[in-house]
Amino acid sequence: MSTDGFISPLSERYASREMQYIFSQDMKFGTWRKLWIALAETEKELGLTDSEGNPRITDEQIDELKSHVDDINYDVAKEREKVVRHDVMSHVYAYGKQCPKAAGIIHLGATSCYVGDNTDIIIMREGLLLIRKKLINVIDELSSFAMKYRELPTLAFTHFQPAQPTTVGKRATLWIQELMMDLEDLDYVVSSLKLLGSKGTTGTQASFLELFDGDEDKCRQADELIAKKMGFDACYPVSGQTYSRKVDTRVANILAGIAASAHKFSNDIRLLQHLKEIEEPFEKGQIGSSAMAYKRNPMRSERIASLSRYVMIDALNPAITSATQWFERTLDDSANKRLSIAEAFLATDGILDLCMNVVDGLVVYDKVINKHLMAELPFMATENIMMDATKAGGDRQQLHEKIRELSMEAGNNVKREGLDNNLLELIAEDDDFPMTIDELRAAMEPSEYVGRAPSQVKEYIENVVRPVLDKNKELLGMKAQINV
């Protein structure tokens, strides 16, 4: 491994081998060759002839192209590019060197975007399908977690201030629901992706109209056949030289949405780990801090947040590129697109691997959760206590004021004196409340204060999430390995 040049951390540390292959040179240039084969087959099937009326393309030529679809002669293409300064023509030349009989019909009638843009669409679709698989597995793992802990009461927060109780499982459904939204958006975008097809230099198909002697129907059929051969339902009906860069924007926004959901999840885990209620996996030999040996930092959740922030910001690149394209095309998209799209996919892939790893190993400390809840529950139970005292003959307005005063006193004891919450003791000692301390403590059952949270979890998972998982059961069972 070379150590004297820059190495992207996305390939070295974060992205999986599967996603790296999708954005590899082999995938890119192998797809170029498949597109050239599809073009040649299409032109032959549509009866392309030479000036004397003879078939322009033969089965022998197509077979020759197919025989060298995978053994790409990169060295020849690289040397040729030094001379012509054009990547597509360099690979046309290299392919022709391997296929001398077919050299004259490679890329016939096409412009560079025929291979470049169609390949980009194919690669993005493959990337989205891998993202989809991982997203579904994160949802599956979180669903198991939610069901397991659907009845475990925990202190809920609004504004990160103690609020009414919820359950650990119910909180997990909030994470799941956002990921389910991302899945819906992803499925829509995947279903709407189309190839550029064979549109020519300004999208008019003029070169193909000339090849087919003015036969417009054959030009239309060419797009249909190429799309079918490459596994797509259709091509975009109109374009300039390129497909609309709005497509890249839509794809990047899907990835940014997943990143936002993952960031929210990771923030919650980081806060819960600070509270010592839930902890991300921590391996036996893992070091949390170089200085403080006792520390167990939530480094995987922090990495999720870090990569997610990058993806969310990166989504601006395709949006700005789309907005600033001139007329039928400008080349200021190229360098930016090579970076922004690939890196968004690689980073999102790493994010989802981290999410799978974190969820798979979450540790729940139920006793700490209960301790925190019980420290605040007396405040939350005051409404019930007040109503019971009213039923026993008390005046609600007077009881409300007394509860308020006693709550303030107990709160000051906690905040100013560092004492335990003694609200129950204060209420038991007050003659306006006909309850003993034992009766009050008996009423402090957390499960009585979580509302429908356990039922909501069960209903949501069984009625909304499970049908989606069942439809995709062949994708389930992934386990993520993280590099560092």
Side-chain angles (χ1 to χ4, degrees), residues 28-29 31-51 55-57 61-62 65 81 84-96 102-125 192-248 321-322 324-335 337-338:
K28 175 180 177 178
F29 295 120
T31 304
W32 281 17
R33 292 193 170 191
K34 291 173 184 175
L35 282 161
W36 280 322
I37 292 169
L39 179 62
E41 287 179 335
T42 294
E43 290 171 336
K44 178 181 181 297
E45 290 167 17
L46 291 175
L48 185 64
T49 59
D50 61 21
S51 59
R56 181 75 182 273
I57 299 171
Q61 289 173 315
I62 291 172
L65 291 174
E81 190 170 0
V84 299
R85 303 295 180 186
H86 197 289
D87 56 351
V88 173
M89 293 312 297
S90 300
H91 277 268
V92 169
Y93 175 84
Y95 204 8
I105 57 98
I106 299 171
H107 200 67
L108 186 60
T111 188
S112 298
C113 289
Y114 169 72
V115 287
D117 275 36
N118 284 320
T119 293
D120 286 348
I121 292 286
I122 291 166
I123 285 174
M124 286 194 295
R125 185 174 74 169
S192 68
L193 283 177
K194 299 176 178 64
L195 284 184
L196 169 68
S198 51
K199 296 296 198 296
T201 55
T202 59
T204 65
Q205 291 185 295
S207 58
F208 291 96
L209 192 63
E210 184 175 346
L211 278 176
F212 292 120
D213 298 321
D215 191 329
E216 291 195 25
D217 190 51
K218 287 186 176 181
C219 291
R220 286 190 292 268
Q221 289 181 59
D223 267 2
E224 294 170 6
L225 288 170
I226 289 167
K228 184 176 180 181
K229 291 175 186 295
M230 300 308 297
F232 283 75
D233 294 331
C235 296
Y236 289 107
V238 295
S239 73
Q241 188 178 97
T242 69
Y243 65 77
S244 169
R245 294 311 185 221
K246 177 76 77 172
V247 176
D248 297 343
T321 296
S322 173
T324 55
Q325 286 293 285
W326 297 355
F327 301 117
E328 281 65 46
R329 95 144 306 174
T330 49
L331 198 59
D332 56 329
D333 64 338
S334 180
K337 180 178 169 66
R338 290 172 192 260

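Numbering starts at 1 and runs along the sequence shown. Just so you know, these numbers use all the heavy atoms, side chains as well, and skip hydrogens, waters and symmetry mates.
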Inset, instruction - Mind checking the OG-NE2 spacing from Ser112 to His107? Nearest 0.5 Å is all I need. - result: 5.0 Å
Legend entry - Cation-pi check, Arg329 onto Phe327 ring (under 6.0 Å, within 45° of axis): no
Legend entry - Any Asp332 side-chain heavy atom under 4.5 Å of Gln325 side chain: yes
Inset, instruction - First locate atom OG1 of Thr31, then atom CE of Met230, and finally report the distance between them rounded to the nearest 0.5 Å. - result: 6.0 Å
Inset, instruction - Please round to the nearest 0.5 Å and tell me the distance separating atom CD of Glu328 and atom OG1 of Thr242. - result: 9.5 Å
Inset, instruction - Look at Lys337 together with Asp120 and state whether they make a salt bridge at an N to O cut-off of under 4.0 Å. - result: yes
Inset, instruction - For the pair Ile105 and Leu65, evaluate side chain to side chain contact (heavy atoms under 4.5 Å, CB included) and give the outcome as yes or no after the intermediate values. - result: CA-CA 10 Å; Ile105 57 98; Leu65 291 174; 3.9 Å; yes
Inset, instruction - Could you tell me which non-hydrogen atom of Leu211 sits nearest to which non-hydrogen atom of Arg56, and how far apart they are? - result: CD2-NH1, 4.4 Å
Inset, instruction - Take Leu48 and Ile57, measure what side chain to side chain contact (heavy atoms under 4.5 Å, CB included) needs, and give me the verdict at the end. - result: CA-CA 7 Å; Leu48 185 64; Ile57 299 171; 4.2 Å; yes
Inset, instruction - Using the six-membered ring wherever Trp is involved, compare the ring planes of Phe29 and Trp32 and label them parallel, tilted or perpendicular (cut-offs 30° and 60°). - result: perpendicular
Legend entry - Spatial distance of atom CZ (Arg245) from atom CG (Asp333) [nearest 0.5 Å]: 4.5 Å
Inset, instruction - May I ask you to decide if Leu35's main-chain N or O and Tyr114's side chain share a donor-acceptor pair within less than 3.5 Å? - result: yes
Legend entry - Worked verdict on Thr111 versus Val88 for side chain to side chain contact (heavy atoms under 4.5 Å, CB included): CA-CA 9 Å; Thr111 188; Val88 173; over 6 Å; no
Inset, instruction - Locate the shortest heavy-atom distance separating Lys199 from Leu196; write the atom from each residue and the value. - result: NZ-O, 2.7 Å
Legend entry - Minimal non-hydrogen separation, Gly200 against Ser207, with atom names: CA-OG, 4.4 Å
Legend entry - Rounded distance [0.5 Å steps], CG in Asp233 versus OG in Ser192: 11.0 Å
Legend entry - Beyond-backbone contact of Met124 with Asp248, side-chain heavy atoms, under 4.5 angstrom: yes
Inset, instruction - Looking only at non-hydrogen atoms, find the nearest pair between Ala222 and Ser198 and report the distance. - result: CB-OG, 4.0 Å
Legend entry - Flag for Asp223-Tyr236: side-chain donor and acceptor within less than 3.5 Å: no
Legend entry - Non-hydrogen side-chain atoms of Asn118 and Phe232 separated by less than 4.5 Å: no
Inset, instruction - Could you tell me whether Lys28 atom NZ has more than 12 heavy atoms of other residues or ligands within 6.0 Å of it? - result: yes
Inset, instruction - Return yes if a side-chain donor-acceptor contact under 3.5 Å exists between Thr201 and Gln241, otherwise no. - result: no
Inset, instruction - Apply side chain to side chain contact (heavy atoms under 4.5 Å, CB included) to the pair Trp36 and His91, showing each step before the final yes or no. - result: CA-CA 11 Å; Trp36 280 322; His91 277 268; 4.0 Å; yes
Under 3.5 Å donor-acceptor pairs involving side-chain atoms of residues 39-46, not counting sequence neighbours:
from, atom 1, to, atom 2, distance (Å)
Glu41, OE1, Lys229, NZ, 3.4
Glu41, OE2, Lys66, NZ, 2.9
Thr42, OG1, Ala38, O, 2.8
Lys44, NZ, Asp59, OD1, 3.3
Glu45, OE2, Lys229, NZ, 2.8

Legend entry - Tyr243 OH to Cys113 SG distance, which is reported to the nearest 0.5 Å: 9.5 Å
